[in-house]
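Inspection log for the structure reproduced underneath, given as structure tokens.
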Amino acid sequence: MILELPLLVFLVMTAAGAILAKDLISAVFILGTYSFTLALVWALLGAVDVAFVEAVVGAGLATVFFLLTLSTASEKDTQIRRSAIPWTALIGLPIVAILLLYGAADLPAFGDPGSPASTHISPIYLEGSVAQTKTPNVVTAILMDYRSLDTLIETVVIFTAGIACALIYGKGSA
Amino acid sequence: MAELLQALLQRPNFVAFVILFLWGIYIMAAHPNYVKKLIGLYIVQTSVVFFLVAFSAKDGATVPIVSAEMASLGARAYANPLPHVLTVTAIVVQVATLGVSLALVSAIYRKYGSLDEDEVLKRVE
């Protein structure tokens, strides 16, 4: 908790940097820092598998995708001009923010071991998965054994995304 | 009011989530540049994942890897693994959708020569 607060402040600062930067290449690199800070926060929360995936796929692959897109653009197109601020959004979003923060009191307390999410199904996995699947890592056991069909269909989603990218790029070059 | 403030101070993760989520949505809707819109999209996606992972934390719990000598500790000693599994899937899918949308942006740039929405709309007409 003590380490987490500065990291959260840094997280919001890097997100602000990625949003406010005038140069798109700089914004993409700051977004990579944002991803990596997020991975650090997750590692701190005990979600090591999620932190690995975010550091590799989020900070690595997403940054490469952004840079590939920007590499074809000329320099004047990657600089951003000032734009008018839509006032309806500036009035509407704080209202949504106040409603969300008002609802925060009803969420389970942070780190509460007795919260519904931690007592309903997850103890069955935590206590039974080693005997049932012989895998010490519970996340791997759920991903590859209990929810293997889910993971299989996820690869179909990624395959579809790959086909879509190939079709979009292929059509442009022909 | 005081207890609401105290509830928020206990949940710094939730406050960070609200800031990132709404700022990302605002950039997605309001910014004229396509790449900035996608940066906003990415921030919204990761903030929702962040919100889900924050539920999995337990005070004094360790990572959900069960070792033989800690088997007697029970579920309370490990972080909740279910949000981790669901969000690992979500992160990979979000980067896949980001890749498709970046391919579309790059196709738009090749056809209309601009990353700016207003400029592209002008050239379409």
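Keep in mind that the numbers below use all heavy atoms, side chains included, and drop hydrogens, waters and symmetry copies.
Heavy atoms of B:Leu22 lying under 4.5 Å from chain A belong to its backbone as well as its side chain. With a 4.5 Å cut-off on non-hydrogen atoms, A:Val41 touches chain B through its side chain but not through its backbone. Residue A:Ile19 touches chain B through both its backbone and its side chain, counting heavy-atom pairs closer than 4.5 Å. Neither the backbone nor the side chain of A:Thr160 comes within less than 4.5 Å of any heavy atom in chain B. Contacts of A:Leu70 with chain B are made by side-chain atoms alone, with heavy-atom separations under 4.5 Å and no backbone atom involved. Proximity to chain B (any heavy atom under 4.5 Å) is shown, for A:Ala73, by both the backbone and the side chain. Both the backbone and the side chain of A:Ala16 come within less than 4.5 Å of a heavy atom of chain B.
Taking CG of B:Leu82 as the start and CZ of A:Arg147 as the end, the distance is 6.5 Å to the nearest 0.5 Å. Here the CD1-CG distance, from B:Ile43 to A:Leu11, works out to 9.0 Å after rounding to the nearest 0.5 Å. If you take CG on A:Leu20 and NZ on B:Lys36, they are separated by 6.5 Å, rounding to the nearest 0.5 Å. From A:Cys165, atom SG reaches atom CG of B:Leu102 across 8.5 Å, with rounding to the nearest 0.5 Å. Note that CZ of B:Arg11 and CG of A:Leu101 are 11.0 Å apart. Values are rounded to the nearest 0.5 Å. The CD1 atom of B:Ile19 sits 11.5 Å away from atom CG of A:Leu100, with the distance rounded to the nearest 0.5 Å.
Cluster membership check: B:Leu52 does not share its hydrophobic cluster with B:Val18, using side-chain heavy-atom separations under 4.5 Å among Ile, Leu, Val, Met, Phe, Trp and Tyr. Tracing side-chain contacts under 4.5 Å through hydrophobic residues (I, L, V, M, F, W, Y), one reaches A:Leu90 starting from B:Val44; they form part of the same cluster. Residues B:Trp23 and A:Val28 fall within the same hydrophobic cluster, defined by Ile, Leu, Val, Met, Phe, Trp and Tyr side chains chained together at heavy-atom separations under 4.5 Å. No path of Ile, Leu, Val, Met, Phe, Trp and Tyr side chains, each step under 4.5 Å between heavy atoms, connects A:Val64 with A:Val56, placing them in separate hydrophobic clusters. In terms of hydrophobic clustering, with Ile, Leu, Val, Met, Phe, Trp and Tyr side chains grouped at heavy-atom distances under 4.5 Å, A:Tyr146 and A:Leu152 are assigned to different clusters.
Between A:Val96 and B:Phe21, the closest side-chain pair of non-hydrogen atoms is not below 4.5 Å. Using a 4.5 Å heavy-atom threshold, the side chains of A:Phe66 and B:Ile39 count as touching. Considering only heavy atoms from C-beta on, B:His84 stays 4.5 Å or farther from A:Val138 through its side chain. Residues A:Leu45 and B:Asn13 meet the side-chain proximity criterion, which asks for heavy atoms closer than 4.5 Å. You'll find the side chain of A:Val57 stays beyond 4.5 Å of the side chain of B:Gln94, heavy atoms only. B:Ser106 places a side-chain heavy atom less than 4.5 Å from the side chain of A:Tyr169. Between A:Ile168 and B:Leu104 the shortest side-chain heavy-atom distance falls below 4.5 Å. When side chains are defined from C-beta on, B:Phe55 does not count as touching A:Ser118, because their heavy atoms never get closer than 4.5 Å.
Heavy-atom pairs under 4.5 Å with chain A were tallied for B:Val93, B:Ile25, B:Thr46; the largest tally goes to B:Thr46. Note on A:Pro108, A:Ser129, A:Ala141: by heavy-atom pairs under 4.5 Å with chain B, the leading option is A:Pro108. When each of B:Gln6, B:Glu119, B:Lys58 is scored by its heavy-atom pairs under 4.5 Å with chain A, the top score falls to B:Lys58. By number of non-hydrogen pairs under 4.5 angstrom with chain A, the leading residue of B:Ala107, B:Pro81, B:Ala29 is B:Pro81. Contact tally against chain B (heavy-atom pairs below 4.5 Å) for A:Ile142, A:Val130, A:Val12, A:Leu68: the top residue is A:Ile142. For the set B:Val92, B:Asp118, B:Leu86, the entry with the most heavy-atom pairs within less than 4.5 Å of chain A is B:Val92. Among B:Leu20, B:Thr97, B:Val15, the residue making the largest number of heavy-atom pairs under 4.5 Å with chain A is B:Leu20.
Heavy-atom minimum distance, A:Phe110 versus B:Ala57: CE1-CB, 3.9 Å. Counting all heavy atoms, side chain and backbone alike, A:Leu5 lies closest to B:Pro12 at CD2-CB, 3.6 Å. When all heavy atoms of A:Ile158 and B:Ala96 are compared, the closest pair comes out as CG1-CB, 4.4 Å. Considering every non-hydrogen atom in both A:Gly46 and B:Ala79, the closest pair reads O-CB, 4.4 Å.
Between A:Tyr34 and B:Tyr42, the ring planes are perpendicular. Angles over 60° get that label, and only those under 30° would be called parallel.
Checking B:Tyr78 against A:Ser122 by side-chain atom types alone, no donor-acceptor pair falls below 3.5 Å. In this structure, a donor-acceptor pair under 3.5 Å is absent between the side chains of B:Tyr109 and A:Thr69.
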Item to check | Step-by-step side-chain contact (heavy atoms from CB on, under 4.5 Å) determination, A:Leu143 to B:Thr89 | outcome: CA-CA 9 Å; A:Leu143 196 71; B:Thr89 314; 4.0 Å; yes
Next on the checklist: Walk me through whether B:Val85 and A:Asp150 qualify under side-chain contact (heavy atoms from CB on, under 4.5 Å).
Outcome noted: CA-CA 10 Å; B:Val85 177; A:Asp150 194 1; over 6 Å; no
Checklist entry - side-chain contact (heavy atoms from CB on, under 4.5 Å) between A:Thr72 and B:Arg110: does it pass, once the steps are laid out? => result CA-CA 9 Å; A:Thr72 54; B:Arg110 261 179 303 166; 6.0 Å; no
Item to check | Working for side-chain contact (heavy atoms from CB on, under 4.5 Å), residues B:Val49 and A:Trp42 | outcome: CA-CA 10 Å; B:Val49 172; A:Trp42 284 337; 3.5 Å; yes
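Within 6.0 Å of the CZ atom in A:Phe10, the count of heavy atoms belonging to other residues, nucleotides or ligands does not exceed 12.
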